[in-house]
Amino acid sequence: MSAAYPDAPAGAALLAVARQSLLDEVAPALSGRQRYVLLMAANAMGIVLREIEQEGAAAEAWARVLGVLSAEGDAAEGDAAAPAALVAAIRAGRCDGDAALHAALVETTRIAASIWKAPG
């Protein structure tokens with residue numbers, strides 16, 4: 001729900017309904033290239049929907065990654081160069097055996113995979 005419109009449905013819910021309507025009501029009537037294009041658009045809508053739904057979890061997991069990194073002095077949370085610093089620290093072997101960083105990276109990967117791969 002939007003703060004400006006507290007009674008309005010959430011964007012994710014609207015997107016889900018629009019996507020399902022296309023799949024249930026329009027796709028069956030199409031064939032060939034038109035069906036392919038519609039299914040491709042519906043797939044993109046599904047990815048965006050899952051991104052919206054997982055936004056909070058993804059931000060929390062990434063914050064844990066950056067928290068471990070900043071605790072090691074390689075970068076500060078919110079630092080735009082933090083991803084490059086993380087890559088440099090991993091390549092230099094400064095993160096070898098870091099269980100907290102490993103767990104945080106596994107979680108970010110799990111979330112990313114759940115966004116990009118359709119369920120089922």
Side-chain angles (χ1 to χ4, degrees):
M1 274 193 213
S2 166
Y5 303 101
D7 294 333
L14 291 171
L15 186 59
V17 168
R19 179 181 182 276
Q20 202 59 52
S21 295
L22 287 173
L23 290 172
D24 292 346
E25 298 179 27
V26 180
L30 300 176
S31 63
R33 178 128 179 98
Q34 289 179 328
R35 182 174 172 81
Y36 171 77
V37 170
L38 181 134
L39 293 175
M40 189 173 54
N43 185 53
M45 292 169 78
I47 291 169
V48 171
L49 179 61
R50 291 186 298 276
E51 282 182 341
I52 292 168
E53 291 170 341
Q54 293 288 329
E55 183 178 11
E60 288 174 13
W62 184 243
R64 282 194 298 281
V65 168
L66 295 181
V68 170
L69 192 61
S70 65
E72 295 175 3
D74 289 309
E77 286 188 51
D79 182 355
L86 174 61
V87 170
I90 291 171
R91 286 185 177 159
R94 293 193 308 271
C95 299
D96 292 355
D98 187 328
L101 179 59
H102 179 264
L105 288 171
V106 166
E107 181 65 8
T108 61
T109 303
R110 186 197 62 74
I111 291 167
S114 74
I115 290 169
W116 286 95
K117 181 164 178 14

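Given the structure is predicted, the values throughout are model-derived calculations rather than measurements.
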Please output the side-chain donor-acceptor pairs of residues 27-41 that fall under 3.5 Å, not counting sequence neighbours, one pair per line with the distance.
from	atom 1	to	atom 2	distance (Å)
Arg35	NH1	Ala27	O	2.6

Exercise. Please check if Val17 and Leu23 belong to a single hydrophobic cluster, counting links between Ile, Leu, Val, Met, Phe, Trp and Tyr side chain heavy atoms closer than 4.5 Å.
Key: no
Quiz prompt | Distance in Å, Arg94 CZ paired with Leu86 CG, rounded so as to fall on 0.5 Å steps | solution = 10.0 Å
Self-check item: Spatial distance of atom CD (Glu53) from atom CD1 (Ile111) [nearest 0.5 Å]
Solution: 13.0 Å
Exercise. Please answer: with hydrophobic residues joined when any side-chain heavy atoms are less than 4.5 Å apart, are Leu15 and Val26 in the same cluster?
Key: yes
Quiz item: Do you know the tightest heavy-atom contact between Ile115 and Arg50?
Solution: O-NE, 2.8 Å
Exercise. Please round to the nearest 0.5 Å and tell me the distance separating atom CD of Gln20 and atom CE of Met45.
Key: 10.0 Å
Quiz item: Considering all heavy atoms of both residues, which atom of Ala16 and which atom of Leu49 are nearest to each other, and what is their separation?
Solution: CB-CD2, 3.7 Å
Quiz item: To the nearest 0.5 Å, what is the distance between OG1 (Thr108) and CD (Glu60)?
Solution: 13.0 Å
Practice problem: Might you point out which heavy atoms bring Ile90 and Asp96 nearest each other, and give the distance in Å? | Solution: O-OD1, 4.5 Å
Self-check item: Heavy-atom pair of closest approach, residues Ala61 and Glu107
Solution: CB-CG, 3.8 Å
